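Treat the numbers as computed from the prediction; the structure is a model and nothing was measured. By convention here, the first residue in the shown sequence is residue 1.
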Amino acid sequence: MIVFVNPRATRPGNRRFPLSLMAVGAALPEDVSWEIVDGNRPGIDPLAEIDALVAAHADGTDPVRLIALTVMPGPQLVSAVPLSKALKARHPDIAIVWGGNFGSLYAAPVLNAPYVDWLIRGQGEQTFIDLLAVLDGKRDPHDVPGLAFREADGTHHIGPERIWVGPAELPDPPYHKIDVADYLQPTFLGRRSGVYQASIGCPYACSFCGVISVFGRREKVQPAARTAAHLAYLVRNHGMDAVHFYVYNFFLNDAQAREIADAFLPLGIRWWCEARVDALERFSDDTWRALKAAGLTMIFCGAESGSDAVLRKMNKGITTNQIRAAAAKTRQHGIIPEFSFVFGDPDSPEEEIANTLAFIRELKTINPAMELISYFYTPTPQRDATYGNVDPLTGTPASLEDWITPEWVDWMTHENPNTPWMDRRLKAQVENFELVLKSRFPSVHDKRTRPWGKTVGQWLARRRWAAGDYADPHLLRRIRRLAQHTPDDRQAYGHLRPVGAA
């Protein structure tokens, strides 16, 4: 028996399918049993649930032999560290395995932790199968690509990178292993929104992004027909009416975009995806219309900067004119663009902030429906040069316990990284601008602010936005704080309540 664990990373109302664990479980041999314990589900005590599984199988022929956790940087790491410690203390003879992006980027602190026995870096499906053979005495762990562990003398063995496969080469998602309805949560897109991964990797080389550090500059895309078949199952059997695609580059070219539109049209769902502005620029109007008809509602694009020079320094491979064109095309076809921007150029942070804030105002004029996603630059390990030529590992913690302190959680989440080139004054400029913008133009995603708060915020922010005045919007901040509420418990309400119930 294998116990896969998804440590808590978000509020229960934001829970989504544990896709990574489902994929690894689906790839296991048929004679290997497995279960998923998801810490994001409401009312769950992951430690107690795992203890119960261990106890239930202790006296049988299929005892729990591995507890495997997927761990992303940020809140999930904060959950995973104490959970792993407790599991090793209670079940010292059961191996603890970590996978996921954190260990793929920062292997050393994971291997320094005495409560983690094995680390799987990169894609985990085949490596996990090979690890089972290692535990059975049939493989030498030193020969397994993607596997890392502590040697007897305390040194670290980091196996070579594994050649990974695309989603089309993997088994169908094992939806029978989860309570699908429990994960279909209300979002802006629909009442029963799901998630799906239709490709793996990214062929670009943006020098601030952690994706290529894990996968390299490759992307493998699943045929649109297979994706549509999986989605059709969820629509037909579980009433899914919307989907967010966990794909870094959903569109490769115009022809592939048309295939997606044709395949998705019969599904009758609304969907969100990520795309490059240079790919969108090449779409014909016919393709835009087909995507809109097929349910495309919102596109997330990495715009990153309002300066062509900085975009070149980031190795982004796009121009500000291409971003403008994407804003115009999405307006023309009634699709909402989300543009992300990275604030905190290591060389000229003040100049870059001024350029980018002015550019965002321009984009808001081109497409008033534009949504802003902002990040403070956090250096991430790269295969080649890093944006700003900074060393992304200097000063980072050697222990997991240090990684989960507030300072480093702020670093991992890009909320408030303590980089030497971004002082509090510069961060406040960005935060104040974003508060004025989002008060003047409330986000379609904002379910936390009461309607009266949005109305008052729009009225108060109107003059500020028109005048370009973002300095110390303390009244807007107070209104937003007073108007926010905790979302309903979606386990008891929302889409889980029978239609028509009071």
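- Of all heavy-atom pairs between Pro7 and Gln76, the closest is O-NE2, 2.8 Å.
- The shortest side-chain heavy-atom distance between Val5 and Ile50 falls under the 4.5 Å cut-off.
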In sequence, state the C-alpha distance, the side-chain angles, and the governing distance for Asp286 and Arg258, and then conclude on salt bridge (Lys or Arg N to Asp or Glu O under 4.0 Å).
CA-CA 9 Å; Asp286 283 346; Arg258 286 300 297 269; 5.0 Å; no
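- Side-chain atoms of Ser33 and Asp62 form a donor-acceptor pair, as typed in the model, at a separation below 3.5 Å.
- Using a 4.5 Å heavy-atom threshold, the side chains of Val97 and Leu69 count as separate.
- Proximity of Thr405 to Val409: side-chain heavy atoms (C-beta onward) are nowhere separated by under 4.5 Å.
- Between Tyr377 and Tyr387, a ring centre-to-centre spacing shorter than 6.0 Å is recorded.
- A donor-acceptor contact shorter than 3.5 Å links the side chain of Ser104 to the backbone of Gly100.
- Between Glu125 and Arg162 there is no salt bridge, since no side-chain N of the basic residue sits under 4.0 Å from a carboxylate O of the acidic one.
- Within a 6.0 Å sphere centred on CG of Asp140, heavy atoms belonging to other residues, nucleotides or ligands number more than 12.
- By the 6.0 Å contact criterion, OH on Tyr248 is open, its count of non-hydrogen atoms from other residues, nucleotides or ligands being 12 or less.
- Between the side chains of Trp272 and Glu338, a donor-acceptor pair is found at a separation under 3.5 Å.
- Going from atom CZ of Arg289 over to atom CG of Leu296 covers 14.5 Å, rounded to the nearest 0.5 Å.
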Leu231 vs Met240, test: side-chain contact (heavy atoms from CB on, under 4.5 Å). Steps then yes/no.
CA-CA 8 Å; Leu231 299 180; Met240 188 181 75; 3.9 Å; yes
Under the side-chain contact (heavy atoms from CB on, under 4.5 Å) rule, what do His244 and Thr187 come out as? Steps first, then yes or no, please.
CA-CA 10 Å; His244 287 69; Thr187 66; 3.8 Å; yes
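- A donor-acceptor contact shorter than 3.5 Å links the side chain of Ser207 to the backbone of Met314.
- Here the side chains of Arg192 and Leu234 are not in contact, with every heavy-atom distance at 4.5 Å or above.
- Contact check for Leu131 versus Leu147: side-chain heavy atoms found under the 4.5 Å cut-off.
- Taking the six-membered ring where the residue is Trp, the centroids of His238 and Tyr233 are separated by under 6.0 Å.
- Ring centroids of His142 and Phe149 are separated by less than 6.0 Å, placing the two rings close together.
- Within 6.0 Å of CG in Asp391 there are more than 12 heavy atoms belonging to other residues, nucleotides or ligands.
- Using a distance-only test at 3.5 Å, with no hydrogens or angles considered, no donor-acceptor pair links the side chain of Arg139 to the main chain of Val134.
- Taking all atoms of both residues into account, the shortest heavy-atom contact from Val277 to Ala326 is CG1-CB, 3.9 Å.
- In this structure, Glu169 contributes its side chain and Val165 its backbone to no donor-acceptor pair below 3.5 Å.
- Under 3.5 Å, the side chains of Glu407 and Asn416 contain no donor-acceptor pair of N or O atoms.
- A distance of 11.0 Å separates OG1 of Thr127 from CG of Leu132, quoted to the nearest 0.5 Å.
- Proximity of Thr330 to Ile336: side-chain heavy atoms (C-beta onward) are nowhere separated by under 4.5 Å.
- Taking CZ from Phe376 and CD from Glu415, the interatomic distance works out to 8.5 Å, rounded to the nearest 0.5 Å.
- Salt-bridge check for Arg15 with Asp182: passed, with a basic side-chain N closer than 4.0 Å to an acidic carboxylate O.
- Open room surrounds CD1 on Ile163; 12 or fewer heavy atoms of other groups in view lie less than 6.0 Å from it.
- Judged by distance alone, with hydrogens and angles left aside, the side-chain atoms of Glu371 form a donor-acceptor pair with the main-chain N or O of Val444 at under 3.5 Å.
- Proximity of the aromatic rings of Phe17 and Tyr196 is defined here by a centroid distance below 6.0 angstrom, and this criterion is not met.
- Applying the ring pair (Phe, Tyr, Trp, His ring centres under 6.0 Å) rule to pairs touching residues 34-58 yields Phe4-Trp34, sequence neighbours excluded.
- Note on ring orientation: taking the six-membered ring where Trp is involved, the planes of Phe102 and Trp98 are perpendicular (angle over 60°, cut-offs 30° and 60°).
- Within the 3.5 Å criterion, the main-chain N or O of Pro167 finds a donor-acceptor partner in the side chain of Arg226.
- Between the CD1 atom in Ile323 and the CG atom in Leu311 there is a gap of 5.5 Å [rounded to 0.5 Å].
- Ring-plane geometry between Phe250 and Phe264 is classed as tilted, the angle between the planes lying from 30 to 60 degrees on a 0 to 90 degree scale.
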Determine, step by step, whether Arg65 and Asp93 satisfy the salt bridge (Lys or Arg N to Asp or Glu O under 4.0 Å) criterion, reporting the C-alpha distance in whole Å, the side-chain angles of both residues, the deciding distance to 0.1 Å, and the verdict.
CA-CA 8 Å; Arg65 61 188 305 207; Asp93 295 330; over 6 Å; no
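- Side-chain rings of His445 and Phe188 approach one another, their centers coming within less than 6.0 Å.
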Audit row: Glu35, Lys177, salt bridge (Lys or Arg N to Asp or Glu O under 4.0 Å) steps and yes/no
CA-CA 7 Å; Glu35 297 291 342; Lys177 297 291 289 189; 3.7 Å; yes
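- Salt bridge status for Asp38 with Arg41: absent, with no side-chain N to carboxylate O gap under 4.0 Å.
- Counting only distance, with no hydrogens or angles, the side chain of Ser199 and the backbone of Gln197 share no donor-acceptor pair below 3.5 Å.
- When every heavy atom of Pro381 is checked against every heavy atom of Leu105, the shortest pair comes out as CG-O, 3.9 Å.
- Counted by atom type alone, Thr227 and Gln222 present one or more donor-acceptor pairs between their side chains at under 3.5 Å.
- Pro29 places a side-chain heavy atom less than 4.5 Å from the side chain of Ile129.
- A distance of 9.5 Å separates CH2 of Trp118 from CG of Leu66, quoted to the nearest 0.5 Å.
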Please evaluate residues Asp241 and Arg191 with respect to the criterion salt bridge (Lys or Arg N to Asp or Glu O under 4.0 Å), reporting the C-alpha separation (whole Å), side-chain torsions for both, the decisive distance (0.1 Å), and the verdict.
CA-CA 7 Å; Asp241 60 4; Arg191 293 177 63 247; 5.5 Å; no
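- In this structure a side-chain-to-backbone donor-acceptor pair under 3.5 Å is missing from Asn249 to Phe251.
- A cation-pi arrangement is found for Arg276 relative to Tyr204, the charged atom lying closer than 6.0 Å to the ring centre and inside a 45° cone about the ring normal.
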Run the numbers on Val221 and Ile200 for side-chain contact (heavy atoms from CB on, under 4.5 Å), then give the verdict.
CA-CA 7 Å; Val221 180; Ile200 298 174; over 6 Å; no
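- There is a side-chain donor-acceptor pair under 3.5 Å between Thr449 and Asp446.
- Rounded to the nearest 0.5 Å, atoms CD1 (Ile178) and CG (Leu19) are 8.0 Å apart.
- Distance alone, capped at 3.5 Å, is enough to place a donor-acceptor pair between the Asp254 side chain and the Ser284 backbone.
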Can you check side-chain contact (heavy atoms from CB on, under 4.5 Å) on Arg90 and Val54, steps first, answer last?
CA-CA 10 Å; Arg90 295 190 184 194; Val54 172; over 6 Å; no
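- Side-chain atoms of Trp403 come within 3.5 Å of backbone N or O of Pro397 as a donor-acceptor pair.
- In this structure the side chain of Ile335 reaches within 4.5 angstrom of the side chain of Ile299, judged on heavy atoms.
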